[in-house]
Structure formats: structure tokens, C-alpha cells
Student: 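Dropping a structure here in C-alpha cells format, bear with me for questions.
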Protein chains: 2
Amino acid sequence: MHKIISQVREKLRSREYKLTPQRQQILEVLLENKDKHLSAEDVYNLVKQKAPDVGIATVYRTLELFLEFDIIHSVNFGDGRKRYEYGEDNEGHHHHHAICVQCGKIIEINEDLLEELEKQVARDYEFDIMDHELKIYGHCQDCRGKK
Amino acid sequence: MHKIISQVREKLRSREYKLTPQRQQILEVLLENKDKHLSAEDVYNLVKQKAPDVGIATVYRTLELFLEFDIIHSVNFGDGRKRYEYGEDNEGHHHHHAICVQCGKIIEINEDLLEELEKQVARDYEFDIMDHELKIYGHCQDCRGKK
DNA sequence: TTAGTTGCAAAAGGTTTGCAACCCA
DNA sequence: TGGGTTGCAAACCTTTTGCAACTAA
């Protein structure tokens with residue numbers, strides 16, 4: 001964790017940006033909730049517990065900054081707000097999500113069986129693929145019975 | 001087209017809803033732009049050309065209604081607005097999109113090579129799949145050179 | 001000093017809602 | 001008549017922006 005924070009500090013410094021206390025708090029929240037798909041407001045509320053004075057604007061600006069540096073990436077589940085996760089989006093580290101339409105639970109799936117389809121798309125449409133995103137909608141284990 | 005309109009009229013009538021002139025105009029716009037991924041505002045502007053008096057609220061309410069009846073479905077490309085397409089979302093009629101990160105072009109892809117992955121998810125997570133949505137990001141034919 | 005950074009409040013988008021008027025079975 | 005429907009405007013929610021104050025190399 002300290003190591004990651006130092007790395008981020010260097011990454012930012014390389015382009016004349018600072019890892020301010022606020023930004024560090026936001027980074028820590030993201031690191032502590034790696035698999036939670038936090039919305040900007042979630043991040044804001046969590047950071048407020050440590051540093052009550054941060055403003056929501058700073059959270060948005062910091063998330064934007066982290067996105068630009070590929071420190072985090074964002075996902076959109078169609079519920080009207082973006083969600084953020086620590087970690088890059090590329091390098092074969094694709095993210096798949098199973099979303100329960102009943103309780104809203106989001107299950108992260110790491111398999112990568114899209115190679116075949118990607119090849120086909122790249123060939124048929126002359127499309128250079130950078131990333132993909134797969135969402136599966138249905139009922140999770142807990143909600144199967146409640147349909 | 002007339003046939004579809006009649007079918008929708010019946011579908012709505014079965015639950016005591018009416019296919020009003022406004023709703024029919026909206027439906028027609030959606031039918032005439034099947035593959036265009038229109039936003040609510042796009043629909044609004046197109047409908048306005050035929051019927052200048054419709055309000056944006058009616059458009060939203062109608063889209064909501066059509067969604068409820070599975071007459072249309074919505075997609076979210078993460079650009080801050082929902083997009084709507086005529087047609088159901090299920091029955092193997094899954095939609096895949098290739099989105100060009102440079103020019104924003106959206107290419108519809110109809111292949112369905114996710115069977116294997118779906119089976120795996122259903123088994124490993126005890127998840128009952130209803131639908132899935134795949135987005136592929138990259139550079140389209142026209143933008144390949146401009147990178 | 002000076003450029004980056006912050007919090008606040010206002011503004012901006014997209015979407016939803018309250019309400020009186022309206023339409024039609 | 002009465003329930004569904006409409007347009008308008010206001011409200012809502014998430015996100016962005018203008019600005020003056022602040023911070024640190």
C-alpha cells in the first residue's frame with residue numbers, strides 16, 4: 001500500500017502534479033475498496049470519515065486526474081452514475097461483471113473467453129481492439145428463489 | 001411497420017394503456033432508426049419534426065413505458081445518456097457493440113460467441129443469466145491511421 | 001513568486017415529477 | 001365521469017466549472 005502510494009506520487013510528479021493530502025486520502029479509499037465499484041459519492045463519503053473537510057469537487061477532480069494517469073478506471077452499470085476501481089483497464093486485465101437485476105449485487109468475473117470473438121470482430125470490421133467490457137444480467141445465487 | 005404498430009397497440013391495450021398519437025410518433029421514430037442508438041433527446045428532436053407540440057417529458061415517459069413492455073431496450077455507452085433501440089433484449093437477440101474511442105462511431109455486432117463463458121458463469125457463481133451486453137472499445141477502420 | 005490545488009456555490013446536463021388541463025372510453 | 005395522458009415548469013441528481021483563497025516548491 002505504501003509502495004503503491006509512492007508510485008502514484010512519482011507518476012504524478014513526472015508531470016508536475018502533486019499528491020496532496022486530499023488526493024492521497026482518495027487513493028487510500030480506492031485501495032481499501034479495490035473490488036467495490038465505488039461511485040464518486042461513495043468515495044466522497046468514505047473520504048469524509050477521515051478528512052471531513054474535503055469537497056465533492058475535489059473528489060471528482062481527483063478521480064478525473066487518476067483516470068488520466070490510468071491509476072484507476074471507471075465502469076458504468078447504467079444506474080446513472082459512474083463507478084471507479086483502482087487499477088488499469090488494459091494489459092489483458094479485462095473486467096467482466098455479473099449484475100443481479102434483483103438486488104443489484106455485482107459479481108466480478110475474471111475469465112477471459114472472448115479471444116475468439118475479438119479476433120472475428122477485428123477481422124470482419126477492421127477494428128483495432130483496445131479493451132472490452134462484458135456485463136451479464138440475471139439473478140444471483142441469493143435471488144434465484146425470489147423471482 | 002403498420003403491423004408492428006398494431007401489435008404494439010394491442011400489447012399496450014392488454015394492460016389498459018393507449019397508443020396515443022404522441023406514443024405512435026415516438027414508436028415510428030424508433031422504427032425508422034432501428035440501428036441508430038438514439039438518445040431521449042434524439043428521439044425528441046426527431047418527433048418534433050412531425051409533431052412540434054410534444055414535450056420532452058412525454059418522450060421520457062413513453063420510452064419508460066416501452067421499456068416496461070419490452071418493446072424497446074436501452075443501452076448505455078457511458079457518455080452520460082441512455083440510448084434506446086427498438087426490439088427486445090432477450091431471446092438470443094443479444095447486442096454487441098464496437099465503439100470507436102476516436103470518432104465515437106458505434107458498430108453493431110451480431111455474433112454470439114459467449115455461450116461458453118455464460119455456461120461457466122452460470123455454473124461457477126450459481127447465476128441465472130437473463131441477458132448480456134458486450135462492448136468493445138478501439139479504433140474503427142476510418143480512425144486506424146489517425147491514432 | 002507562481003503554478004497547482006482546494007472548497008464553496010453556482011451552473012450544467014440528463015432525467016423525473018407535480019400539477020392542472022385534456023381526452024376519450 | 002374518471003382514469004390514463006399530456007405539456008409545462010420546477011425539481012432532482014450527478015457532474016462540472018468559476019472563483020477567490022490557499023499551499024508549497
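Throughout, protein chains are lettered first and strands after them, A, B, ... in sequence-line order, and every chain is numbered starting at 1. Atom set for the values below is all heavy atoms of this structure, side chains included, hydrogens, waters and symmetry mates excluded.
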Student: Measure from CG on Leu19(A) to P on dG4(C) and round the result to the nearest Å.
Tutor: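 Rounded to the whole Å, the gap is 16 Å.
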
Student: Do Arg61(B) and dG7(D) share a donor-acceptor pair, side chain to base, under 3.5 Å?
Tutor: yes

Student: Under 3.5 Å, side chain of His73(A) to main-chain N/O of Gly87(A), donor-acceptor pair present?
Tutor: yes

Student: Please check the phosphate of dG4(C) (OP1 and OP2 only) for any side-chain N or O of Arg23(A) closer than 4.0 Å.
Tutor: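 For dG4(C), neither OP1 nor OP2 has a side-chain N or O of Arg23(A) closer than 4.0 Å.
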
Student: Can you tell me if the side-chain N/O atoms of Tyr60(A) get under 4.0 Å from OP1 or OP2 in dT15(D)?
Tutor: yes

Student: Rounded to whole Å, please give me the gap between CG in Leu63(B) and P in dT15(C).
Tutor: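 Checked: the CG to P distance equals 9 Å.
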
Student: Using the rule given for salt bridge (charged side-chain N to carboxylate O under 4.0 Å, His left out), can you reason through Lys135(A) versus Glu133(A), listing the C-alpha separation, both sets of side-chain angles and the distance that settles it, and then say yes or no?
Tutor: CA-CA 7 Å; Lys135(A) 291 174 201 162; Glu133(A) 193 179 302; 3.5 Å; yes

Student: Check the distance between dT15(D)'s P and Asp79(B)'s CG and give it to me in whole angstrom.
Tutor: 13 Å

Student: Once side-chain hydrogen bond (donor to acceptor under 3.5 Å, both in side chains) is applied, do any residues pair with Arg61(A), and if so which ones, sequence neighbours excluded?
Tutor: none

Student: Check the distance between dA3(C)'s C1' and Glu16(A)'s CD and give it to me in whole angstrom.
Tutor: 10 Å

Student: Please give me every residue in residues 52-59 of chain B whose heavy atoms get under 4.0 Å of an atom in DNA chain D, ordered by residue number.
Tutor: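 Asp53(B), Val54(B), Gly55(B), Ala57(B), Thr58(B) - these, ordered by number, are the residues of the stretch whose heavy atoms sit under 4.0 Å from the strand.
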
Student: Mind calculating the distance between CG (Leu65(B)) and C1' (dG3(D)) to the nearest angstrom?
Tutor: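 Answer to the nearest Å: 15 Å.
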
Student: What is the separation between atom NZ on Lys82(B) and atom C1' on dT15(C), rounded to the nearest whole Å?
Tutor: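 The distance from NZ of Lys82(B) to C1' of dT15(C) comes to 9 Å, rounded to the nearest Å.
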
Student: Start with the C-alpha distance between Glu10(B) and Arg15(B), add both sets of side-chain angles, then the distance that settles salt bridge (charged side-chain N to carboxylate O under 4.0 Å, His left out), and finish with yes or no.
Tutor: CA-CA 9 Å; Glu10(B) 285 316 308; Arg15(B) 283 212 257 146; over 6 Å; no

Student: Testing Arg23(B), Gln22(B), Gln25(B) for side chain to side chain contact (heavy atoms under 4.5 Å, CB included) with Val54(B), which one passes?
Tutor: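 With Val54(B) as partner, Arg23(B), Gln22(B), Gln25(B) yield a single side chain to side chain contact (heavy atoms under 4.5 Å, CB included), made by Gln22(B).
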
Student: Report yes if the distance between the aromatic ring centroids of Tyr17(A) and Phe69(A) is under 6.0 Å, otherwise no.
Tutor: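 They qualify: ring centres under 6.0 Å apart.
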
Student: Quick one: Lys18(B) NZ to dT6(D) P, roughly how many Å, whole number?
Tutor: 9 Å

Student: Do the side-chain N or O atoms of Thr20(A) get closer than 4.0 angstrom to the phosphate oxygens (OP1, OP2) of dT6(C)?
Tutor: yes

Student: Do other residues, nucleotides or ligands put more than 12 heavy atoms under 6.0 Å from Lys50(A) NZ?
Tutor: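 For Lys50(A), atom NZ is crowded (more than 12 foreign heavy atoms under 6.0 Å).
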
Student: Rounded to whole angstrom units, what separation is found between the CD atom of Glu41(A) and the P atom of dC12(D)?
Tutor: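 To the nearest whole Å, that distance equals 15 Å.
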
